[in-house]
Amino acid sequence: MVIEEEENLKNYYDLIQQYKSLKKDVRDIVFSPKHCLPYLQAGRLVCMQCTESDDKSPSFLIEDLVTWGVIVNFDRVKGVSDDDASRKPENANYTVDVLTRCVVTKDGVTKKKIKVVPLKEPGEPLIVSIPIDQINILSSARLYMSKDLLPLEVRENTLKQVSEFLSRKPSGLPLDPEGDMNIQSSSYKKTVRRIEALEHLFEKHEIAKSPLIKEKLKVLHSKQELTARIKLIRKSMRSSTALAFKDELKARKRVLRRLGYITSDDVVELKGKVACEISSADELTLTELMFNGVLKDLKVEEMVSLLSCFVWQEKLQDAAKPREELDFLFTQLQDTARRVAKLQFECKVQIDVENFVSSFRPDIMEAVYAWAKGSKFYEIMEITKVFEGSLIRAIRRLEEVLQQLIEAAKSIGEIELEAKFEEAVSKIKRDIVFAASLYL
């Protein structure tokens with residue numbers, strides 16, 4: 001959003017907000033019950049804020065929209081707690097009943113909405129109850145009022161008197177906070193001086209004379225609102241992400257406990273130590289296969305063939321099914337993967353069970369089995385339809401997994417498995433697959 005003279009406009013906008021804040025501070029001091037209660041007599045003219053418009057759009061006027069009325073009465077707001085009853089009068093809350101011009105609209109079938117409007121606008125004379133902090137000015141003038149304000153004509157004539165008085169005395173003859181109300185607060189005097197300094201700045205500010213100042217301020221306000229919302233959304237997203245991460249962490253800890261990788265006190269068990277060593281394949285499924293005795297009971301070539309399912313990610317169209325004994329091993333792998341995935345799902349980990357199971361592919365089991373048996377590279381390429389480079393990458397990744405399994409077996413003292421994994425490495429780590437360069 002590009003705004004003409006944005007810096008000057010922002011400075012002027014900030015001055016307006018600061019000015020309104022200081023004016024509110026003054027009102028809070030002057031119209032605190034301690035100072036204003038003696039002057040809330042019936043018949044006193046009062047200047048108060050009009051009801052805000054329904055569109056909730058901010059006002060960019062230096063002064064708020066106000067109207068005038070006549071005080072009828074004031075009441076102490078009764079609280080429900082004992083503390084409210086024991087409060088001193090100057091520390092209690094009060095509302096003031098004021099006769100002023102209002103517009104009444106129906107909100108639904110039975111509800112009525114009363115809106116305070118300027119005296120010159122159409123409306124009807126009504127007595128409304130307002131909080132003290134909605135008062136802007138207390139006049140030094142008081143009108144004689146009829147005690148019976150029920151007749152519409154009496155209320156209308158009273159407001160007519162107010163209008164006539166204001167036509168003669170537009171300022172409303174406000175009570176002087178220091179001279180008439182004897183307010184000697186240092187904070188009040190300091191705030192008044194700051195307001196006077198700001199008023200002087202408003203007179204000199206160059207942007208105040210700029211055409212379409214109100215429209216420009218609206219655009220600036222919209223920009224600031226949008227910026228604030230974006231920051232809030234980003235903060236919310238960061239909080240949501242952190243919360244989601246925390247929930248995910250808790251869910252994964254539940255999985256590890258149920259599988260026996262950690263104790264209820266988060267102490268790492270044997271299975272956990274093995275899983276910690278594996279990073280190049282799905283550590284949970286591979287650890288489960290290892291502890292179920294599947295890897296120990298297999299021949300080295302069959303084991304290597306089975307482990308190839310962990311490193312092969314590509315999907316082949318019309319891939320040949322592996323021989324019966326290898327297919328049986330793949331079924332065991334699928335069953336283990338499904339059990340691990342279902343347990344994660346039960347523990348509220350975000351996982352698609354079938355997608356997880358199908359991520360293990362048997363497409364190169366036959367080729368890897370033949371390679372571990374000592375076949376030449378050109379011979380295994382005749383068994384499978386995969387590209388040479390893809391197969392070489394897969395066998396190299398398989399060697400990484402085997403190296404990690406050697407460390408895992410070593411960490412728990414499984415000498416037999418360690419030797420088996422080392423033998424598997426020696427069977428696959430040879431010839432062109434592990435050559436430093438194809439041109440040597």
Side-chain angles (χ1 to χ4, degrees), residues 251-262 268-314 322 325-345 347 349 351-365 367-369 371-372 393-429:
R252 291 192 178 277
K253 284 177 79 173
R254 284 195 292 269
V255 172
L256 295 177
R257 289 194 187 103
R258 287 183 60 178
L259 287 173
Y261 287 64
I262 59 173
V268 180
E269 299 275 36
L270 278 181
K271 288 171 81 172
K273 287 180 180 178
V274 169
C276 285
E277 298 294 338
I278 302 167
S279 59
S280 298
D282 184 75
E283 63 273 19
L284 296 184
T285 307
L286 191 45
T287 304
E288 289 302 301
L289 282 176
M290 188 171 165
F291 274 82
N292 289 346
V294 175
L295 301 183
K296 188 178 282 188
D297 298 336
L298 296 178
K299 295 176 184 177
V300 172
E301 295 82 1
E302 291 174 337
M303 182 186 71
V304 171
S305 176
L306 179 62
L307 292 176
S308 72
C309 301
F310 285 86
V311 297
W312 182 254
Q313 303 294 324
E314 298 177 28
E325 60 267 30
L326 296 183
D327 191 43
F328 175 72
L329 292 176
F330 180 65
T331 303
Q332 282 186 296
L333 168 59
Q334 284 185 311
D335 292 341
T336 305
R338 186 172 281 106
R339 180 171 61 84
V340 170
K342 279 184 177 178
L343 192 141
Q344 290 185 71
F345 185 76
C347 293
V349 174
I351 189 170
D352 186 311
V353 175
E354 293 308 316
N355 276 354
F356 178 76
V357 173
S358 63
S359 67
F360 298 96
R361 307 286 303 171
D363 304 335
I364 62 169
M365 287 185 77
V368 172
Y369 180 83
W371 181 252
R393 280 195 299 274
I395 295 175
R396 286 189 170 191
R397 279 193 62 201
L398 180 56
E399 191 264 340
E400 282 180 32
V401 173
L402 284 166
Q403 293 289 359
Q404 290 168 8
L405 286 171
I406 290 169
E407 293 301 318
K410 196 181 291 183
S411 70
I412 60 172
E414 275 283 354
I415 300 171
E416 189 181 335
L417 265 178
E418 183 186 344
K420 196 170 189 177
F421 293 140
E422 286 175 345
E423 185 185 349
V425 170
S426 67
K427 282 181 176 288
I428 67 168
K429 193 172 182 180

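Count residues from 1 along the sequence. Any value given below was found using the heavy atoms of this structure, including those in side chains, with hydrogens, waters and symmetry copies removed.
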Please determine whether side-chain contact (heavy atoms from CB on, under 4.5 Å) holds for the pair Met290 and Lys271, giving the CA-CA distance in whole Å, both sets of side-chain angles, and the decisive distance to 0.1 Å.
CA-CA 9 Å; Met290 188 171 165; Lys271 288 171 81 172; over 6 Å; no

What heavy-atom pair brings [X] and [Y] nearest, and what distance separates the two atoms?
{"X": "Glu288", "Y": "Tyr261", "answer": "OE2-OH, 2.9 Å"}
{"X": "Ile428", "Y": "Trp371", "answer": "O-NE1, 2.9 Å"}
{"X": "Ser308", "Y": "Val368", "answer": "CB-CG2, 3.8 Å"}
{"X": "Glu400", "Y": "Ser280", "answer": "OE1-OG, 3.3 Å"}
{"X": "Ala424", "Y": "Val300", "answer": "CA-CG1, 3.6 Å"}
{"X": "Ala394", "Y": "Ile364", "answer": "CB-CD1, 3.8 Å"}

For the [atom1] atom of [X] and the [atom2] atom of [Y], what is their distance to the nearest 0.5 Å?
{"X": "Ser305", "Y": "Phe330", "atom1": "OG", "atom2": "CZ", "result": "10.5 Å"}
{"X": "Gln404", "Y": "Ile278", "atom1": "CD", "atom2": "CD1", "result": "7.0 Å"}
{"X": "Arg252", "Y": "Arg257", "atom1": "CZ", "atom2": "CZ", "result": "14.5 Å"}
{"X": "Leu295", "Y": "Leu289", "atom1": "CG", "atom2": "CG", "result": "5.5 Å"}
{"X": "Gln334", "Y": "Ser358", "atom1": "CD", "atom2": "OG", "result": "9.0 Å"}
{"X": "Arg338", "Y": "Leu333", "atom1": "CZ", "atom2": "CG", "result": "10.5 Å"}

Using the rule given for salt bridge (Lys or Arg N to Asp or Glu O under 4.0 Å), can you reason through Glu301 versus Lys427, listing the C-alpha separation, both sets of side-chain angles and the distance that settles it, and then say yes or no?
CA-CA 8 Å; Glu301 295 82 1; Lys427 282 181 176 288; 3.4 Å; yes

Decide yes or no on side-chain contact (heavy atoms from CB on, under 4.5 Å) for Ile395 and Val311, but give the supporting numbers first.
CA-CA 8 Å; Ile395 295 175; Val311 297; over 6 Å; no

How about [X] and [Y]: do any of their side-chain heavy atoms sit closer than 4.5 Å?
{"X": "Leu307", "Y": "Leu405", "answer": "yes"}
{"X": "Lys296", "Y": "Met303", "answer": "no"}
{"X": "Leu398", "Y": "Trp312", "answer": "no"}
{"X": "Val294", "Y": "Leu306", "answer": "yes"}
{"X": "Glu314", "Y": "Asp363", "answer": "no"}
{"X": "Arg339", "Y": "Thr336", "answer": "yes"}

Glu302: which residues meet the side chain to side chain contact (heavy atoms under 4.5 Å, CB included) condition with it, sequence neighbours left out?
Leu298, Lys299, Glu325, Leu326, Leu329, Tyr369

Hey, are Glu407 and Gln403 close enough side-chain-wise for a donor-acceptor pair under 3.5 Å?
no

May I ask you to decide whether Lys410 forms a salt bridge with Glu277, counting only side-chain N to carboxylate O separations under 4.0 Å?
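Salt bridge: no.
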
From CA spacing to verdict: side-chain contact (heavy atoms from CB on, under 4.5 Å), Glu283, Leu286:
CA-CA 5 Å; Glu283 63 273 19; Leu286 191 45; 5.9 Å; no

Applying ring pair (Phe, Tyr, Trp, His ring centres under 6.0 Å) to Phe356 and not counting sequence neighbours gives Phe360

Can you list the residues that meet the ring pair (Phe, Tyr, Trp, His ring centres under 6.0 Å) rule with Phe421, with sequence neighbours excluded?
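In terms of ring pair (Phe, Tyr, Trp, His ring centres under 6.0 Å), with neighbours along the sequence ignored, Phe421 is linked to no residue.
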
Applying side-chain contact (heavy atoms from CB on, under 4.5 Å) to Cys347 and Leu343, what does each step give before you reach the verdict?
CA-CA 6 Å; Cys347 293; Leu343 192 141; 4.1 Å; yes

